[in-house]
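The structure appears right after this line, and notes come after that.
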Amino acid sequence: MAYTAVELIEHKRDGGRLPSEGIEWLIGSYTEGSIPDYQMAAMAMAIVWRGLDAEELAVWTKAMLESGDVLDFSDLKKPKIDKHSTGGVGDKISLPLAPLAAACGLAVPMISGRSLAHTGGTLDKLESIPGFTTELDQSRFRQILTDHGLVLAGASPSIVPADRRLYALRDATGTVPSLPLIASSIMSKKLSEGLDGLVLDVKTGSGASMARIDDSLDLATKMVQIGTDYGVKTVAVITSMEQPLGAAVGNANEIEESVAVLRGDGPADVTELTLALGELMLDLGGIGDARSRLEDAIASGAGLEKLKEVARAHGGDPAVLDDPSLLPVAPLTATIEADDDGYVTTCDALTIGLAATHLGAGREQQSDVIDPGVGIILEKKIGDLVNRGDRLAIVRYADEERWQSQKDRLGSAWTIGPNRVAPPDLILERIDSSNFEH
Ligand code: URA
């Protein structure tokens, strides 16, 4: 049966189910370039509104996965385990976690994403290390993984090319917050990596793509089911994204904070989530005493050494990891100050993520180039006591007009009240493959 893109878009727009061959044709044609971005953007928006049922989601994910090659690392004699986040503000966890996991004996073939809507992306953060390339062909990807137990790359013309195109399109068309589009984007990338196990960090709260916990649970359940169906041991945790993780929001400043975690003096929330997700990764890989191994890899410097070694293999300059003051930093500085005495009751992740994006730490259009030196350092977060005039954040920016357009928005991220509220719990729920049939 022959399809046209317009018929499929109209069918989904009106609430219909997409036929399996229609999905396969659409993803295949989009990947090879015979369906234009504007039609795929319309389809993505129809899916945002109408969703995909379980069968459509399975076919959509498989078509994305099969748009490129599926890697096979069965010759590597280490457990192949990865982690992926659904996206958050200040969420740099992959940067300290992946080298720690590799230093503890796992092979981590990590295919990551760029900034998406108001959330940051691992690839953009890594590229603030001068020279670091995340564009690897398959043989280089394999070589770095084999030599170092860790590789950090993006989707490529041969590995999930469908997600490479669709991800950038969704970012620029307001079509990120869709359960099936997120689940298929993440799982197609992860299933292409030839994994034994996968840890999913599904964010919930204001700065997450899914703000409501029921939606986050639904997303986590669907992704764990897809992983299980493909024989990959998959665990998901639901974690809070009411306020940003750590103090740094941006790109280069998030590298600096990740190095601090690897040196043992990172913020408590980033360190704790890194260790908790690391434990899950090592458990899936059958490596015992997970927590103490990870802590030892911090104390001995093995995690930081691994990041330096891998940065060098990716063409990056490891000197910035020894001396983060060499990282790029935007020329202009401003501060946000408390307008009242009391306790911080909100430090809103979405507002801070949007302000950072508009200042140049993320993209508003596909063609935008990120400024790695733009960023925000949060000095007060939920539960902190402040006096009127205290500094809440320092902002590094490059364009005065953009700052003037964002400063009120950024200031509105904090609310201050008379009573102390506790910071949100980091990990809220856990879902794993053992709950599902394979
Ligand atoms: N991470 C991804 O890889 N894709 C999404 O859609 C969201 C987060």
Side-chain angles (χ1 to χ4, degrees), residues 27 30 40-41 43-45 47-48 51-52 57 60-61 63-65 67-68 82-95 97-98 108-126 134 152-156 159-193 195 198-212 215-216 218-224 226-227 232 234 236-239 241 244-245 254 277 349-350 353 357 362-363 366:
I27 304 264
Y30 181 60
M40 201 56 169
M43 176 58 90
M45 189 56 89
I47 292 173
V48 168
L52 295 177
L57 174 58
W60 187 282
T61 306
M64 300 224 349
L65 172 64
S67 69
D82 193 10
K83 165 264 174 190
H84 199 89
S85 157
T86 55
V89 180
D91 181 4
K92 71 276 298 167
I93 301 294
S94 292
L95 299 168
L97 173 60
V108 185
M110 189 176 269
I111 299 179
S112 302
R114 298 195 172 277
S115 71
L116 196 57
H118 60 280
T119 67
T122 302
L123 301 179
D124 296 318
K125 293 170 200 179
L126 286 168
T134 57
L152 299 151
S156 71
I159 308 171
V160 272
D163 190 57
R164 185 179 162 93
R165 285 199 70 188
L166 189 51
Y167 192 93
L169 184 73
R170 288 168 55 219
D171 185 34
T173 55
T175 51
V176 172
S178 152
L179 189 158
L181 293 179
I182 296 172
S184 55
S185 162
I186 292 178
M187 294 311 289
S188 60
K189 283 197 283 286
K190 300 293 111 176
L191 294 171
S192 75
E193 295 173 351
L195 295 178
L198 172 63
V199 175
L200 294 165
D201 179 2
V202 178
K203 302 286 179 203
T204 195
S206 113
S209 310
M210 305 271 111
R212 295 178 38 239
D215 292 333
S216 305
D218 196 10
L219 174 61
T221 307
K222 292 210 162 72
M223 290 197 291
V224 172
I226 294 170
V232 176
T234 308
V237 285
I238 310 287
T239 68
M241 191 30 70
L245 271 168
E254 295 203 34
L277 297 177
L350 175 62
T357 300
R363 294 179 187 80
Q366 284 193 35

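Whatever order the structure lists ligands and atoms in, that order sets their numbers, starting from 1. Computed from a predicted structure; not experimentally measured.
Closest to atom 1 (N) of ligand 1 among all protein heavy atoms lies His84 NE2, 3.2 Å. Closest protein heavy atom to atom 7 (C) of ligand 1: Leu116 CD2, 3.5 Å.
Ion pairing of Asp163 with Arg165 is absent here, as no side-chain N (NZ or NE/NH1/NH2) approaches a carboxylate O to less than 4.0 Å. Salt-bridge formation is detected for the pair Asp82/Lys190: a Lys NZ or Arg NE/NH1/NH2 atom is positioned less than 4.0 Å from an Asp or Glu carboxylate oxygen.
For the pair Arg170 and ligand 1, the shortest N or O to N or O distance falls below 3.5 Å. An N or O contact shorter than 3.5 Å links Lys189 to ligand 1 by distance. Taking distance alone, with nitrogen or oxygen atoms compared against 3.5 Å, Ser185 approaches ligand 1 more closely than that limit.
Counted by atom type alone, Lys203 and Thr239 present one or more donor-acceptor pairs between their side chains at under 3.5 Å. A side-chain donor-acceptor contact under 3.5 Å links Ser216 and Thr204.
Both tests do not hold together for Arg114 against Tyr167: distance to the six-membered ring centre under 6.0 Å, angle to the ring axis within 45°.
Ser178 places none of its side-chain heavy atoms less than 4.5 Å from the side chain of Arg170.
Taking a cut-off of under 4.0 Å to the non-hydrogen atoms of Tyr167, the atoms of ligand 1 that pass are 2 (C), 3 (O), 4 (N). Taking every heavy atom of Ile186 and a limit of under 4.0 angstrom, the matching atoms of ligand 1 come to 1 (N), 2 (C), 3 (O), 4 (N), 8 (C).
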> So Val202 and Val237, side chain to side chain contact (heavy atoms under 4.5 Å, CB included) or not? Walk me through it.
Replying inline: CA-CA 6 Å; Val202 178; Val237 285; over 6 Å; no
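Here Val176 has no heavy atoms under 4.0 Å from ligand 1, in either its backbone or its side chain. Contacts of Thr86 with ligand 1, taken as heavy-atom pairs under 4.0 Å, involve the backbone alone.
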